[in-house]
Every structure is written in structure tokens, then in C-alpha cells.
Amino acid sequence: DIEKINIKEKFNNIFIIHTLEHLKKRIPTLKKLKNLLTDKGTLYVATPNANAISRQIAVKMGLIKKNNSVTPGERSHGHQITYDLKKLENDIITAGLSIQKSGGIFFKPLANFQIDLAIKKKIIDQNYLDACYELGNLYKDFCSSIFIIAKKK
């Protein structure tokens with residue numbers, strides 16, 4: 001349990017990938033992780049994105065109340081929050097970390113099951129997936145996941 005972790009060792013790199021949204025004590029945990037970094041260490045954080053186009057479509061369809069709502073499915077998997085980039089950046093800064101880089105990973109206009117079905121039926125291919133990845137570099141706030149690379153202040 002990362003919230004209860006008690007390690008004395010210092011690390012050059014710590015990765016917390018699709019984990020932060022599961023935690024109840026996010027800021028204290030981020031502070032604890034900051035203290036586990038060496039002076040030049042780096043924290044890598046990635047979470048699902050509340051503003052992903054697929055979520056925004058679901059809101060417009062009435063399937064989700066708000067972009068940052070935690071859906072029943074997400075709650076059943078232990079999600080406590082659905083981050084947007086601004087909220088994630090705020091939590092990182094509040095924890096006393098300095099943001100080196102932030103961005104998005106994979107522009108996702110469809111839900112996962114829709115993408116899987118479209119691949120299976122050969123409606124979309126690797127070129128489509130590559131294009132979605134490239135669009136993620138342009139439209140970070142609309143990607144399926146968001147990330148931050150941070151260091152100690």
C-alpha cells in the first residue's frame with residue numbers, strides 16, 4: 001500500500017502510473033514520494049484524464065454527469081478522483097514538487113471497448129493509432145491520460 005509505505009532508501013526515479021487516482025491521501029503520499037527522491041531525483045506521474053474527448057462525448061450523451069465524475073465502474077476499481085491537468089498540476093505543486101514537464105498521452109475519441117471492437121473489425125489500424133498518439137502531442141488536455149514529470153523544489 002503506497003499510502004503506508006515506510007522506506008528509508010532514496011531513489012533517482014519514482015513512477016506512479018495510473019495509481020494516484022486510487023489514493024485517498026494523495027497530497028501526503030506525494031510528499032512522502034518527494035522525500036524518497038534523491039536531490040536530483042525525478043517523479044513521473046500519469047493518471048486518466050477527466051477532459052479526454054471520449055469522456056466529454058460521454059457527458060454530452062448523458063452517460064457521465066461531469067468530466068471529472070468518478071463513474072460507478074471507476075469507483076468499483078478503486079478510483080477516488082478523476083484528474084484534469086490543472087488539478088494534477090495543483091496537487092503536484094501543493095506537495096512541494098516542481099513541474100518539469102506535463103502533457104497528454106494518446107488522443108482518444110472513442111472508449112476503450114470501441115477502439116478494441118474497431119481494431120477487431122479492421123475499421124481502424126495501426127496508422128489510426130499512431131495518428132491518435134501524434135495528436136496527443138498537440139492536444140494534451142484531450143488525451144486519455146495526462147502526465148507530469150516533477151523534481152524536488
Side-chain angles (χ1 to χ4, degrees), residues 1-61 63-116 129-153:
D1 184 340
I2 194 168
E3 290 178 296
K4 296 176 185 175
I5 197 166
N6 189 11
I7 298 173
K8 303 271 188 268
E9 187 176 354
K10 300 284 184 177
F11 299 90
N12 292 324
N13 297 294
I14 297 175
F15 295 82
I16 182 166
I17 310 300
H18 287 255
T19 304
L20 193 60
E21 67 276 7
H22 293 265
L23 305 181
K24 292 180 181 173
K25 299 176 182 174
R26 292 173 294 281
I27 302 295
T29 301
L30 286 168
K31 287 178 179 179
K32 191 181 294 188
L33 293 173
K34 176 188 78 168
N35 292 330
L36 291 175
L37 290 170
T38 61
D39 288 340
K40 294 188 180 197
T42 305
L43 178 66
Y44 299 85
V45 179
T47 71
N49 182 15
N51 291 327
I53 289 296
S54 57
R55 284 186 79 89
Q56 292 189 51
I57 291 169
V59 169
K60 295 297 182 194
M61 292 174 64
L63 301 173
I64 302 174
K65 187 175 181 179
K66 301 181 301 187
N67 289 5
N68 65 350
S69 295
V70 177
T71 67
E74 291 165 337
R75 180 106 30 227
S76 74
H77 288 105
H79 289 213
Q80 304 295 314
I81 187 172
T82 304
Y83 274 103
D84 60 32
L85 195 52
K86 184 177 179 180
K87 172 67 174 147
L88 182 58
E89 288 172 344
N90 184 61
D91 281 5
I92 295 293
I93 291 166
T94 300
L97 291 150
S98 173
I99 297 171
Q100 305 298 299
K101 184 175 182 180
S102 65
I105 305 166
F106 197 78
F107 183 89
K108 188 178 126 188
L110 302 171
N112 288 347
F113 81 91
Q114 293 169 319
I115 291 174
D116 292 344
L129 298 174
D130 291 345
C132 286
Y133 178 80
E134 292 299 323
L135 282 171
N137 293 323
L138 297 173
Y139 304 107
K140 64 183 178 182
D141 199 41
F142 298 139
C143 289
S144 62
S145 294
I146 47 179
F147 72 87
I148 289 183
I149 300 170
K151 293 192 173 281
K152 288 182 172 182
K153 286 187 177 180

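- Heavy atoms of other residues, nucleotides or ligands lying less than 6.0 angstrom from OH of Y133 number 12 at most.
- Rounded to the nearest 0.5 Å, atoms CZ (F106) and CD1 (I115) are 4.5 Å apart.
- Expressed to the nearest 0.5 Å, how far CG of D141 lies from CG of L85 amounts to 6.0 Å.
- Surrounding NE2 of H77 are at most 12 heavy atoms belonging to other residues, nucleotides or ligands under 6.0 Å away.
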**OP:** Determine, step by step, whether K101 and F147 satisfy the side chain to side chain contact (heavy atoms under 4.5 Å, CB included) criterion, reporting the C-alpha distance in whole Å, the side-chain angles of both residues, the deciding distance to 0.1 Å, and the verdict.
**Re:** CA-CA 8 Å; K101 184 175 182 180; F147 72 87; 4.1 Å; yes

Original post:
How far apart are the C-alpha atoms of L110 and S54, what are their side-chain angles, what is the distance that settles it, and do they pass the side chain to side chain contact (heavy atoms under 4.5 Å, CB included) test?
Top reply: CA-CA 5 Å; L110 302 171; S54 57; 5.8 Å; no

**OP:** Run the numbers on L20 and L30 for side chain to side chain contact (heavy atoms under 4.5 Å, CB included), then give the verdict.
**Re:** CA-CA 9 Å; L20 193 60; L30 286 168; 4.0 Å; yes

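- When every heavy atom of P109 is checked against every heavy atom of I57, the shortest pair comes out as O-CD1, 3.6 Å.
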**OP:** Determine, step by step, whether E9 and L36 satisfy the side chain to side chain contact (heavy atoms under 4.5 Å, CB included) criterion, reporting the C-alpha distance in whole Å, the side-chain angles of both residues, the deciding distance to 0.1 Å, and the verdict.
**Re:** CA-CA 7 Å; E9 187 176 354; L36 291 175; over 6 Å; no

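- With rounding to the nearest 0.5 Å, the separation of OG1 in T38 from NZ in K152 is 7.0 Å.
- With hydrogens and angles disregarded, a donor-acceptor distance shorter than 3.5 Å links the side chain of T19 to the backbone of I17.
- The line from CD of Q100 to CD1 of I92 is 11.5 Å long, rounded to the nearest 0.5 Å.
- For the salt bridge (Lys or Arg N to Asp or Glu O under 4.0 Å) condition, no pair includes a residue of residues 16-36, sequence neighbours left out.
- Exactly one residue among L97, L37, N13 makes a side-chain contact (heavy atoms from CB on, under 4.5 Å) with T42. That residue is N13.
- Between N51 and Q56, the closest side-chain pair of non-hydrogen atoms falls below 4.5 Å.
- Distance SG/C143 to CG/N137: 7.5 Å, rounded to 0.5 Å.
- The closest donor-acceptor contact from the side chain of K151 to the backbone of K40 lies under 3.5 Å.
- A search for side chain to side chain contact (heavy atoms under 4.5 Å, CB included) contacts involving K65 returns S69, not counting sequence neighbours.
- Pairs passing the salt bridge (Lys or Arg N to Asp or Glu O under 4.0 Å) check and including a residue from residues 70-90, sequence neighbours excluded, read R55-E74, K87-D91.
- Looking only at distances, no side-chain donor or acceptor of T47 sits under 3.5 Å from a matching main-chain atom of T82.
- Interatomic distance, OH of Y44 versus CD1 of I14, reported as 11.0 Å (0.5 Å rounding).
- Ring pair H22/H79 is perpendicular by interplanar angle, where above 60° counts as perpendicular and below 30° as parallel.
- Nearest heavy-atom pair, K140 versus N49, reported as atom, atom and distance to 0.1 Å: O-ND2, 3.9 Å.
- L33 places none of its side-chain heavy atoms less than 4.5 Å from the side chain of F11.
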